[in-house]
There are 2 protein chains.
Amino acid sequence: MIRLTKQADYGILLMTQFARAGMGAVFSASDLASRSGLSLPMVNKTLKLLSRAGLLSSQRGVNGGYQMSRDAGAITLEEVIAAVDGPIALTECHEHGAGNDCGISSHCPTRLNWGIINDALRDSLAGITLLQMIRPFLGAKSLPARERVA
Amino acid sequence: MIRLTKQADYGILLMTQFARAGMGAVFSASDLASRSGLSLPMVNKTLKLLSRAGLLSSQRGVNGGYQMSRDAGAITLEEVIAAVDGPIALTECHEHGAGNDCGISSHCPTRLNWGIINDALRDSLAGITLLQMIRPFLGAKSLPARERVA
DNA sequence: TCCATACAGAACCATTTCGGTTCTATTTTA
DNA sequence: TAAAATAGAACCGAAATGGTTCTGTATGGA
Ligand code: FES
Ligand code: FES
């Protein structure tokens with residue numbers, strides 16, 4: 001169903017908590033678990049992924065925690081989703097990198113088009129920052145102009 | 001990874017076969033299996049779904065088969081995907097219809113925005129017809145203007 | 001010093017979904 | 001009436017997902 005995984009959704013939810021608190025705010029995993037209503041293990045797991053991807057920086061030990069490593073306006077949905085779920089690829093053939101043959105590529109007349117559609121989706125998500133996510137697109141029925149698929 | 005299921009991909013592949021042959025062309029499941037390189041059972045299964053959704057009309061019995069029930073220019077990717085995989089919904093909360101609570105909705109400040117993003121994706125796919133799919137967007141690095149996310 | 005706090009990393013498991021096959025009707029026509 | 005062809009559903013193994021648990025390491029304070 002072209003569905004985002006739950007964990008990716010959690011990732012965005014967590015990142016928005018940081019975004020709302022503003023640059024420099026530090027939260028521990030347990031802080032975020034209670035704030036978000038998610039289970040602590042899941043929060044831990046997800047924060048680690050976000051940290052590994054460089055979206056959060058971490059501090060161990062007493063009074064440690066996580067904070068945004070960039071401003072909320074400089075972090076996009078595409079990055080968050082890729083950090084948690086891996087690269088965005090509607091079909092297997094369009095994953096950048098490894099053995100990307102879906103098995104039917106020799107008969108598939110639409111591969112090039114899929115690539116373009118895939119890029120359009122990725123660009124669309126790459127055009128939306130956390131800063132924009134924390135405020136509803138007031139009254140909008142569509143994405144703001146500069147966020148349109150290019 | 002925001003991935004299309006293989007079966008939805010197969011559905012598009014099969015529909016493009018009809019589109020290339022033009023309105024009125026009739027194919028049996030076994031015809032399409034050999035043409036597409038997919039297994040017969042899988043082709044059967046997928047064609048049934050496309051037929052149930054009204055994109056193909058079927059004729060049983062000897063010399064029967066399937067044909068497009070509309071012109072290729074009037075069938076969109078969104079319809080094909082929805083026919084095979086169900087409605088397009090990036091997160092559970094945005095499925096039209098049944099119990100669409102993802103469990104974290106009370107803490108989720110981004111629900112409205114997701115709805116908009118989701119609609120943008122759906123509209124994007126709804127703007128691409130089979131007729132367009134069977135010819136590469138020649139030289140294009142992005143979708144044609146009228147297919148842009150609205 | 002030493003312990004509690006908090007992240008890092010990986011293994012682990014149950015459940016669901018997915019990809020694919022098989023079986024049994026029902027319709028149609030030669 | 002037999003063969004061709006779709007309709008529908010059940011079925012199964014494999015993979016992905018969601019979620020937990022365990023071990024290790026760094027930090028800072030009592
Ligand atoms: S989907 Fe793989 S080549 Fe068409
Ligand atoms: S994802 Fe369900 S409400 Fe935000």
Side-chain angles (χ1 to χ4, degrees), chain A residues 1-11 13-14 18 26-34 36-69 81 83-87 89-92 95 102-104, chain B residues 1-11 13-14 18 26-34 36-67 69 81 83-86 89-92 95 102-104:
Chain A
M1 314 80 173
I2 309 194
R3 166 140 325 150
L4 212 58
T5 64
K6 280 194 180 185
Q7 206 187 356
D9 200 10
Y10 297 165
L13 179 55
L14 292 172
F18 285 98
V26 174
F27 294 109
S28 71
S30 44
D31 284 346
L32 289 166
S34 49
S36 65
L38 302 176
S39 76
L40 179 56
M42 219 49 220
V43 170
N44 260 305
K45 190 178 186 175
T46 308
L47 288 174
K48 281 176 221 171
L49 290 172
L50 294 168
S51 177
R52 261 185 246 176
L55 301 180
L56 297 176
S57 51
S58 61
Q59 174 65 27
R60 297 204 213 190
V62 180
N63 295 326
Y66 296 90
Q67 63 180 312
M68 282 192 292
S69 49
I81 294 171
V84 176
D85 268 357
L90 281 179
T91 68
E92 290 180 24
E95 284 187 63
C102 66
I104 63 171
Chain B
M1 313 84 172
I2 310 196
R3 166 144 321 154
L4 211 57
T5 64
K6 280 194 178 184
Q7 205 186 357
D9 201 9
Y10 297 164
L13 180 54
L14 292 172
F18 286 98
V26 174
F27 294 110
S28 71
S30 44
D31 284 345
L32 289 166
S34 49
S36 65
L38 303 177
S39 75
L40 179 56
M42 218 48 219
V43 170
N44 261 305
K45 189 179 185 174
T46 308
L47 288 174
K48 283 176 219 173
L49 291 171
L50 295 169
S51 177
R52 261 184 247 176
L55 302 180
L56 296 175
S57 51
S58 62
Q59 175 65 27
R60 298 203 215 189
V62 179
N63 294 326
Y66 297 89
Q67 63 179 311
S69 50
I81 293 170
V84 176
D85 268 356
L90 281 178
T91 68
E92 291 181 22
E95 284 189 62
C102 67
I104 62 171

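Naming: A, B, ... by sequence-line order, numbering from 1 per chain.
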How would you list, by chain and number, every residue that makes a side chain to side chain contact (heavy atoms under 4.5 Å, CB included) with B/Gln67, sequence neighbours excluded? B/Val26, B/Ser57

I need the A/Leu47 CG to A/Phe18 CZ distance, nearest 0.5 Å. 5.5 Å

Nucleic acid footprint by protein, nucleotides 24-30 of chain C - heavy-atom cut-off 4.0 Å, B for base, S for sugar-phosphate alone: --BBBB-

May I have the distance from B/Met42 (atom CE) to C/dT22 (atom C1'), rounded to whole angstrom? 13 Å

Tell me the closest heavy-atom pair linking A/Val43 and A/Ser36, and the distance in Å. CG2-OG, 4.2 Å

If you look only at pairs with a residue in residues 42-56 of chain A, which of them pass as a side chain to side chain donor-acceptor pair (under 3.5 Å), with sequence neighbours excluded? A/Gln7-A/Thr46

Mind calculating the distance between CG (B/Leu32) and P (D/dA5) to the nearest angstrom? 12 Å

Reckon A/Ser39 touches a base, only the sugar-phosphate, or nothing at all at heavy-atom distances under 4.0 Å? sugar-phosphate

Restricting to side chain to side chain donor-acceptor pair (under 3.5 Å), what partner residues turn up for B/Ser30, sequence neighbours left out? B/Ser28

Not counting sequence neighbours, which residues clear side chain to side chain donor-acceptor pair (under 3.5 Å) with A/Ser69? List them please. none

Under 4.0 Å between a side-chain N/O of A/Tyr10 and OP1 or OP2 of D/dG19, yes or no? yes

Separation of D/dG19 atom P from A/Leu38 atom CG, nearest Å, is 9 Å

Value in whole Å for how far the P atom of D/dA5 lies from CG of B/Asp31: 8 Å

Find the distance between CG (B/Leu14) and CG (B/Leu55) and round it off to the nearest 0.5 Å. 12.0 Å

Quick one: label B/Ser51 by what it contacts on the DNA or RNA (base, sugar-phosphate, nothing), any heavy atom closer than 4.0 Å. sugar-phosphate

Can you tell me which nucleotide in D/dT21, D/dT6, C/dG19 comes closest to the side chain of B/Tyr66? D/dT6

Atom-to-atom span, CG of B/Asn44 to P of D/dG8 - whole angstrom: 12 Å

For D/dA7 and B/Ser58 - does any side-chain N or O of the residue sit under 4.0 Å from the phosphate oxygens OP1/OP2? yes

Separation of A/Asp9 atom CG from D/dG19 atom C1', in whole Å? 16 Å

Between protein and nucleotides 9-14 of chain C, map the contacts as a letter string: B base, S sugar-phosphate only, - none, heavy atoms under 4.0 Å, written 5' to 3'. B-----

Considering only heavy side-chain atoms of B/Ser28, the closest of D/dT6, D/dG18, D/dT21 is D/dT6

In whole angstrom, what separates B/Leu40's CG from C/dG19's P? 18 Å

Shortest non-hydrogen contact from A/Ala83 toward A/Leu49: O-CB, 4.0 Å

What closest approach, in Å, do B/Gly11 and B/Val84 show between heavy atoms, and which atom pair accounts for it? CA-CG2, 4.3 Å

Sorted by chain and number, sequence neighbours left out, ring-ring contact (aromatic ring centres under 6.0 Å, His included) with B/Tyr66 holds for none

Starting from P on C/dT16, measure out to CG on B/Asp85 and report it in whole angstrom. 20 Å

If you check every side-chain atom of A/Lys6, which of C/dC7, C/dG20, D/dG18 has the closest atom? D/dG18

